[in-house]
2 protein chains.
Amino acid sequence: MGEPEAKRAKTEPEYELTYWPGIPGRGEVVRLLFEETGTPYIDVAKSKKAVDAVCAYSDLKNVGDAKNPPKFAPPVLKHGELVINQLPNILLYLAPRLGLGPSSGDGVYHLNEIALTILDGFLNEVHETHHPVGTAAYYEDQKDEAKTRSKAFREERLPKYLKYVQRVLDGERSGEGGWLYGGELTYVDLVLFQCLDGTKYAFPKTVEKLKKGGKYAGVFKLYDAVKERPNVKAYLESDRRVDYANGIWRHYPELEEDE
Amino acid sequence: MGEPEAKRAKTEPEYELTYWPGIPGRGEVVRLLFEETGTPYIDVAKSKKAVDAVCAYSDLKNVGDAKNPPKFAPPVLKHGELVINQLPNILLYLAPRLGLGPSSGDGVYHLNEIALTILDGFLNEVHETHHPVGTAAYYEDQKDEAKTRSKAFREERLPKYLKYVQRVLDGERSGEGGWLYGGELTYVDLVLFQCLDGTKYAFPKTVEKLKKGGKYAGVFKLYDAVKERPNVKAYLESDRRVDYANGIWRHYPELEEDE
């Protein structure tokens, strides 16, 4: 017979996240918001229907429903009848609801711009390093091109983005405490942690060298501070945290061999 | 002596857009929002200080000010004391203020996801076609890689994104009238127009062939409908509209030579 409707509705998580199984990827950034705040969520990637669920959203016949437009790709967040995708958009939606950002005013746009820039630098551009000439083609078929792109990423782009994050931390708007914005932890600190963690996995020697250079001390201090948050720490040590694999952040030693 | 302070303040545009001079680029999407709505704006790209203004924002010593974090790259929008960047963020901010989107509720997130997806497909991925292995390197030094990436874009990615836009139009949330969302023109229709226009400039034969195929009739009808809006039409015919050049949307005939 199951539980009475009212009780079941109350105990079921409000939020449902759909993403590819087996890789942290973009979904991981969303998970960190839930984990840091202790918010219950359904993680479809951990269920048997994960691949079907992802494919159903981006199916060429899917035109959405009466409430929601169709989706191009995961992650997809379902909250009640609302279904949204695009990582920065999901973050924008969740931040005020989870107490990780303001619900109105300048801070909404400042945080969104910081999130978008970090995602550009430490997620989108990292994906390009191993798939520079064909998103659908194998890495093995674009290794030479990947080496060229990776060199440019390691030597020009990554330092430029790290410097940007350090500039944000050095600015007045960051405030005291070492967080990126407004003196307390917000979702963009979690975005920075996950994206730098992934980049570190992909290019360990490069990131270590940049860390030792000392120019971005605030950035690495922030990374450590997020990692030590009690809920984040417990999550990272749990089996809910998926290992890196052949997703966005990949480790190919040959892509940093001249480091 | 100049005008009295009060009068001058009233006649000066509220909005100031800073972007690279000489190319439409990301700044052009912002301009279309102002032009469609007849909103006065200061276009710094048209002034002599354009390059200096762009460089000042992303200068490595710039850590923002008391109100605003520093910026990674243009476009930058200044409105009163607020200074924001990242194109999708600027659009999010302007839409409700210019009557091109709701100020709260589901529509905010639906429109933002549509804008982000169109920008991914018809702007970011187009830039990658001519600079697949090095953002800072010359196109001439990555022509072969650009050919490979362009082929993948033309054959796989572009049709997939066009299909996505058509799916949005085919969905219930699009409504009547052929606009992308909610039955009337919103900022995402302007985003689609500019991004498809740029893609058409870059890959004219490819886009023409896809148009003739008839699978994306709604998308091209929407493109034409935006182009015929009185304010947009007048703008496109004015000398305020900058010609395409060596920016994001570039035309290299060799990148579609097997069409």
Side-chain angles (χ1 to χ4, degrees), chain A residues 58 60-73 81-82 84-90 92-93 104 106 108-110 112-114 116-117 120-121 124-125 128 132-137 142 145-146 148-149 151-152 156-157 160-161 163-164 167-174 180-181, chain B residues 58 60-73 81-82 84-90 92-93 104 106 108-110 112-114 116-117 120-121 124-125 128 132-137 142 145-146 148-149 151-152 156-157 160-161 163-164 167-174 180-181:
Chain A
S58 49
L60 296 187
K61 290 201 181 91
N62 187 333
V63 296
D65 58 36
K67 299 257 176 195
N68 302 282
K71 310 301 164 195
F72 186 80
E81 288 186 312
L82 180 70
I84 55 172
N85 80 329
Q86 277 283 1
L87 176 54
N89 189 47
I90 293 174
L92 184 78
Y93 178 81
S104 64
D106 294 357
V108 171
Y109 305 98
H110 285 150
N112 190 39
E113 91 181 17
I114 296 171
L116 285 161
T117 309
D120 277 351
N124 298 331
E125 293 208 20
E128 295 292 337
V133 295
T135 312
Q142 49 191 305
E145 295 90 340
T148 311
R149 177 88 185 216
K151 189 172 157 65
E156 298 155 26
R157 303 300 285 174
K160 198 174 169 185
Y161 279 105
K163 180 69 188 172
Y164 161 78
R167 285 162 57 207
V168 174
L169 288 167
D170 291 342
E172 279 186 68
R173 257 315 201 173
S174 157
L180 283 163
Y181 192 78
Chain B
S58 49
L60 297 186
K61 291 201 182 91
N62 187 334
V63 296
D65 59 35
K67 299 258 177 194
N68 302 281
K71 311 301 165 194
F72 186 80
E81 288 186 314
L82 180 70
I84 55 172
N85 80 329
Q86 278 283 3
L87 177 54
N89 189 47
I90 294 173
L92 184 78
Y93 179 80
S104 65
D106 294 357
V108 170
Y109 305 97
H110 285 149
N112 190 37
E113 91 181 17
I114 296 171
L116 284 161
T117 310
D120 276 351
N124 298 331
E125 294 207 19
E128 294 292 337
V133 295
T135 312
Q142 47 190 307
E145 296 90 340
T148 311
R149 176 88 184 218
K151 188 172 156 68
E156 299 154 26
R157 304 299 286 174
K160 199 174 167 185
Y161 279 105
K163 180 69 187 173
Y164 160 78
R167 286 162 56 209
V168 174
L169 288 167
D170 291 343
E172 279 186 68
R173 256 319 200 168
S174 157
L180 282 164
Y181 192 78

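Model, not experiment: these values are computed from the prediction. Proteins come first, then strands; the chains are lettered A, B, ... in the order of their sequence lines, and each starts at number 1.
For A/Tyr109, the ring pair (Phe, Tyr, Trp, His ring centres under 6.0 Å) partners at least two apart in sequence or on another chain are B/Tyr93. Taking A/Tyr161 as the reference, B/Phe72 meet the ring pair (Phe, Tyr, Trp, His ring centres under 6.0 Å) condition, with sequence neighbours excluded.
For A/Leu180, no part lies near chain B; criterion is any non-hydrogen pair under 4.5 Å. Looking at A/Thr148, both its backbone and its side chain come within 4.5 Å of chain B, counting heavy atoms on both sides. For B/Glu128, the part lying near chain A is the side chain, with the backbone staying farther off; criterion is any non-hydrogen pair under 4.5 Å. Contacts of B/Ile90 with chain A are absent, with no heavy-atom separation under 4.5 Å from either backbone or side chain. Heavy atoms of B/Glu156 lying under 4.5 Å from chain A belong exclusively to its side chain.
To the nearest 0.5 Å, atom CG of residue B/Asn124 and atom CG of residue A/Asp120 are 7.0 Å apart. To the nearest 0.5 Å, atom CG of residue B/Leu92 and atom CG of residue A/Leu116 are 9.0 Å apart. Between the CD atom in A/Glu145 and the CD atom in B/Gln142 there is a gap of 11.0 Å [rounded to 0.5 Å].
Each of B/Gly171, B/Gly134, B/Ser104, B/Pro69 has some count of heavy-atom pairs under 4.5 Å with chain A, and the biggest count is that of B/Pro69. Interface check for chain B: of the options A/Leu169, A/Asp170, A/Ile114, A/Val108, the most heavy-atom pairs under 4.5 Å are formed by A/Asp170. Highest contact tally toward chain A, considering only B/Glu81, B/Lys151, B/Lys67, B/Glu125, is held by B/Lys67 [criterion: heavy-atom pairs under 4.5 Å].
Scanning all heavy atoms of the two residues, the minimum distance from A/Val133 to B/Pro132 falls at CG1-CB, 4.2 Å. Listed here is the closest heavy atom pair of B/Asn89 and A/Glu113: ND2-CB, 3.5 Å. Of all non-hydrogen atoms in A/Lys163 and B/Leu60, the two that sit nearest each other are CE-O, 3.4 Å.
In this structure, B/Arg167 contributes its side chain and A/Lys71 its backbone to a donor-acceptor pair below 3.5 Å.
Between A/Asp106 and the options B/Asn68, B/Leu82, B/Ile84, a side chain to side chain contact (heavy atoms under 4.5 Å, CB included) holds for only B/Leu82.
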In sequence, state the C-alpha distance, the side-chain angles, and the governing distance for B/Thr117 and A/Gln86, and then conclude on side-chain hydrogen bond (donor to acceptor under 3.5 Å, both in side chains).
CA-CA 7 Å; B/Thr117 310; A/Gln86 277 283 1; 3.1 Å; yes
